[in-house]
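As C-alpha cells, the structure follows; a few thoughts come after it.
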Amino acid sequence: MNEKYKFGGFELASLTVNLIIYKSFTDIPRRFLEGGGSAAFLSALISGAAAYLIIWFLPVIYNETKTESIFELLEKRFSKAVSALAGLVISAYIILSAANALEGIAVFSIISAYPSAPFVYIGLFFAVAAVLATLRGMNGIIRVHSLVVPFCVILNLVLLPSVFKSADINNLFPLMGRGTFVVFKTAFSNISYYLDFILIFLINPFYKNGKGHTKIIRLSGAAGILVNLFIILCANLILPQPVSSEIKFPLYQLMKTVYFGRFFQRIDAVYLFSVSLSAMAFISFSVFLVSNIFKKVFSLNAGRPLAPTVSASVLLLSLIIYKNTFPSIKALTGIFEAAAVLLIALIPFFSLKNRKGGVKDDK
Amino acid sequence: MINRAKKLIAVLTVFSQILLCSCYDAGDVEETSYLIALGIDKVKSDDTKGTGFSYTFQLAAPLKSSGGGEETGGEGGEDEKKNTESDDKKERIYDSKNPTVNNIVIAAPDFYTAKNMLANYMSKKLNMSHLKMIVCARDVAIDSFKEHSELFSREREIRPGTFLCVSEGRAEAFLKAVNPELEGNTAKYYELVNSDKTLVYAPVKRLGDFSNDSAILDKSAVLPLARLSEAEASSELKVADAKSGRLVKSSISRISGAKPELWGMAFFSDGKLIAETDGTMALMYNILTGHTKQLVFSVTSPFDESDSLTFKCKIEGKPSISVQDEADSSPKIFVQVNAFTEYMGARLPNGYKSFSELNNTARSALEKEIESFMIETAQKYNADVLKTGRLVKKNYLTEKSFDNISWQKKYKNADFSVKVFLTDNGVSMF
C-alpha cells in the first residue's frame with residue numbers, strides 16, 4: 001500500500017465517474033422521484049449543477065497545494081491531533097458511505113436475483129473482494145475502475161434509450177411538481193447523489209499533474225453527473241407519478257421492460273452485473289482510502305491488517321443498516337458527509353494561507 | 001513459504017467468492033416447473049368465511065410441446081381430442097386437453113397461499129419468470145383486480161410485460177379451452193395472440209400498463225376481454241345491427257366452436273371493473289392510442305342497408321389529441337386522425353357519383369364511431385382512458401394546482417371535436 005499512484009487520464013476519469021454513478025442503484029433516485037414528483041428531473045438538474053460548481057472549483061484550490069495529503073497540511077498548520085480528528089471524521093464518512101453502498105447492492109441483489117440468499121453471504125462477497133483489492137494496492141483498484149466503468153456507462157447509455165418508446169413528455173409536468181420550495185429542498189437534500197467524487201481529493205491527483213488532471217476531473221465529473229441525470233430523466237419520463245416514487249429501484253423496473261427481441265429478454269440480469277461491478281469498485285476504493293488514512297494519521301507501520309478490519313466494519317455497518325437496528329444511522333451518514341465535504345473543501349485553504357506567509361512552511 | 005501461503009489464501013478467497021452466493025439460488029431446469037398462464041376466479045370459501053379465490057396454474061409441459069415441423073400440439077391426436085370433448089360436455093367446464101400444458105386449480109384465500117399449496121402437491125419448484133398471461137374472471141374484476149395487479153407488479157419473478165385480460169366467464173374455463181391450432185407451444189401462442197400488430201378488436205395490455213394507468217389521474221384503465229366463442233358461425237349473425245352509413249360492427253361476427261378469443265374491452269376505475277364494451281369500441285381505442293396502424297373496415301351503404309362498402313385504411317402516425325381547457329368552462333378535446341384509404345371494390349358502388357363522395361362516407365363513419373367512443377367513455381363511464389388529462393398538466397405549475405381543478409369532473413362534461421382526414425387512393429389495385 002505504499003506504492004506511488006500511477007494516474008493516467010483515463011484511469012482518473014474512470015475513478016471519478018464511478019464515484020458518481022455508483023449511487024444510481026441506491027435509494028437516492030427514488031428519493032428524487034418521491035420528493036420532486038413530476039419535477040424530479042428539475043431537482044436532479046439543480047442538484048447536479050450545484051455539484052458541478054464544486055467539481056469546478058475544488059481542483060483550482062487543490063492545484064495550489066504542494067502536498068499529496070491534506071492530513072499533512074493539517075499537521076503542519078495545527079497538530080497531529082487535529083489531523084487525526086479530521087482523519088477520523090472523513091474515515092467515518094467513507095465507512096458509512098461504503099456501508100450504505102454495500103447494503104444497497106446486497107438488497108438489490110436479493111430482490112433481483114437471489115431471493116433466498118442471506119444478506120451476510122452477499123455482503124461477504126463484496127467485503128472479501130474489497131480486502132483483496134486493497135491488499136493488491138491502489139494501482140490495482142485504478143485498473144479495475146478503468147475496466148469496469150466504461151462497461152457500466154455504455155450499458156446505461158445503451159439500455160436506457162431502448163425503453164424510451166414508453167416515454168411521455170407530459171410526465172415532466174406540472175413543471176414545479178410538488179411546489180418550488182419542495183423542488184429546491186429535494187435538490188439540496190439529495191446532493192449526495194453526486195458528491196462522493198470529493199473522495200478523489202484524498203489521493204490528490206493534482207500533486208504532480210496539476211492542470212492536465214484538472215481538465216480531466218471536470219470533464220469526467222460532468223460526464224458522471226450527466227449519466228446520473230439521464231437515469232432520473234428516464235425514470236421521470238417513463239414512470240408516471242405517483243408510480244415512480246412507489247418503486248424502490250426505479251431503474252431496475254425500467255430495465256425489466258427492455259426488449260431487444262426474443263433472445264434478449266432478460267437484460268436486467270446484465271444490469272445487475274454492471275451495478276455489482278460498480279459497487280465492488282467503489283467499496284474497494286473506500287476500504288483502501290480508510291486504510292490509507294489510518295496509516296497516515298496514526299503513523300501505523302503494519303497496514304495490512306487494516307484492510308480486513310475496515311472491510312469487516314463496513315460489512316457490520318451494512319448489516320446494521322439492513323436490519324434497521326439504529327434508524328438514525330442514515331441521518332448520521334448525512335452529518336458525516338457534510339462534515340467530510342467541508343473538511344476536504346476547506347483544508348487546502350490552510351495551504352494557501354501558508355503560501356502567503358501566515359505560517360512558515362518547513363521547506 | 002510465506003509467499004506460498006499467501007497464494008493459497010488468495011486462491012481460497014477467490015474460490016470462496018464463487019461459492020458464497022452465486023450458486024445459492026441455483027435451480028435446475030428439470031427440477032423447475034414453469035408457469036405460463038394464471039387464471040383468477042372467485043369462489044365462496046367456507047374455510048375463510050368470506051370470499052376466496054380459485055387460481056388456475058397453467059404450467060408448461062415442455063417435453064410434450066412439439067418443435068419444428070409438427071405443429072399440431074404434440075401428443076394427443078384429433079381422435080383423442082374429440083373423445084375427451086364428448087366426455088367433458090357432461091361437465092360444466094370444457095377441457096381441450098392441451099397436451100403441452102398442465103392445469104392445476106387451487107382454491108385459496110390469496111395467491112401466495114395457493115402458490116404454497118401448489119408446492120405441497122408438486123415436486124418441482126414453481127418458477128413464474130415465464131408467465132405470459134394473467135386471466136382475471138369478471139366477478140374478481142368487479143370486486144377489485146387492483147389488489148392482485150399490485151401484488152404481481154411487485155413480484156420479482158413476474159415481469160411488467162405479462163399480458164392481462166378479463167374473462168367473460170370463468171378464467172379456469174378460458175385457460176382449459178386454450179389448445180392453440182397451428183402452434184405447438186402454448187407460451188408462444190399467448191405472445192403471438194397478444195401482438196399489437198394483429199389484435200384489432202381488443203386492446204393489448206400488460207401488467208405494467210395496467211398498474212400505471214390505475215394509479216394516475218382518474219385511475220381509469222382498460223383491459224381486453226377474453227371469451228369462449230361457443231356459437232355456430234352462421235346462426236348467430238345479427239344483420240339488424242347494421243346502421244346505414246355506420247361501421248359494420250364486429251359483434252355480429254362469431255368464431256365457430258369452443259374457441260378462446262380476445263374480443264372487446266373492459267373499463268376499470270380504481271382497479272374495479274365498471275363496464276364492458278364491444279370490439280368496435282376496442283378498435284377505436286386502438287386507433288386513438290396509435291396501436292392499430294392498418295385495418296380493413298366495412299361501412300353499411302347509405303343507399304342500400306344490405307350492401308356494405310369495404311375500405312382498406314392506413315393510419316398515418318399517431319392520432320393527435322389536444323385539449324383546450326379554460327377555468328370556468330368545460331374542456332374542449334380535439335381529435336385528429338390522418339389516414340390513407342382505398343376502396344376494396346372493383347368499381348364505384350351504386351348511388352355514388354365519385355370516389356370523393358365514397359371517401360366521405362368512410363370518413364364520416366370513422367368520425368361518428370370515434371366521437372361516439374369519446375362521448376361514451378366520458379359521459380357514460382367517466383373514464384379518461386386516453387389520459388387526456390396529462391395534456392392539461394402543462395398549463396399548471398404545481399401538482400396541487402392541477403389537483404384543484406378536479407379533471408375527472410371536468411372530463412365528464414368535455415366537448416369533443418373529431419376530424420378524420422382521409423386521403424383517397426381510389427380503388428385498390430389488388
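Convention: sequence-line order gives letters A, B, ...; per-chain numbering from 1.
The distance from atom CG of A/L175 to atom OG1 of B/T398, rounded to the nearest 0.5 Å, is 10.5 Å. Atom OG of A/S38 is separated from atom OH of B/Y396 by 14.0 Å, given to the nearest 0.5 angstrom. In this structure, OG in B/S211 is found 11.0 Å from CG in A/L239, a value given to the nearest 0.5 Å. Rounding to the nearest 0.5 angstrom, the gap separating the NZ atom in B/K393 from the CZ atom in A/F173 is 9.5 Å. Interatomic distance, CG of A/D168 versus CG of B/L391, reported as 8.0 Å (0.5 Å rounding).
Within the 4.5 angstrom heavy-atom criterion, only backbone atoms of A/S112 (N, CA, C, O) approach chain B. Only the backbone of B/I158 comes within less than 4.5 Å of a heavy atom in chain A; its side chain stays farther off. At a 4.5 Å heavy-atom cutoff, A/L254 makes no contact with chain B through either its backbone or its side chain. Neither the backbone nor the side chain of B/E150 comes within contact range of chain A, judged by heavy atoms closer than 4.5 Å.
The environment of B/K115 atom NZ is dense: over 12 non-hydrogen atoms of other residues, nucleotides or ligands sit within 6.0 angstrom. More than 12 heavy atoms of other residues, nucleotides or ligands sit less than 6.0 Å from atom CZ of B/F334. No more than 12 heavy atoms of other residues, nucleotides or ligands sit less than 6.0 Å from atom NZ of B/K272.
Note on B/S129, B/G208, B/S401: by heavy-atom pairs under 4.5 Å with chain A, the leading option is B/S129. Options B/R206, B/R156, B/E157 differ in how many heavy-atom pairs under 4.5 Å they form with chain A, and the most are formed by B/R156.
Within the 4.5 Å cutoff, the side chain of B/L397 has no heavy atoms near those of the A/P174 side chain. Residues B/K394 and A/L172 are not in side-chain contact: their nearest non-hydrogen atoms beyond the backbone lie 4.5 Å or more apart. A 4.5 Å side-chain heavy-atom check between B/I216 and A/P242 finds at least one atom pair inside the cut-off.
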Are B/K400 and A/R178 close enough, and set up right, to give a side chain to side chain contact (heavy atoms under 4.5 Å, CB included), and what steps lead you there?
-> CA-CA 7 Å; B/K400 197 177 175 186; A/R178 294 184 181 139; over 6 Å; no
How far apart are the C-alpha atoms of B/K387 and A/N170, what are their side-chain angles, what is the distance that settles it, and do they pass the side chain to side chain contact (heavy atoms under 4.5 Å, CB included) test?
-> CA-CA 10 Å; B/K387 303 290 174 195; A/N170 295 305; over 6 Å; no
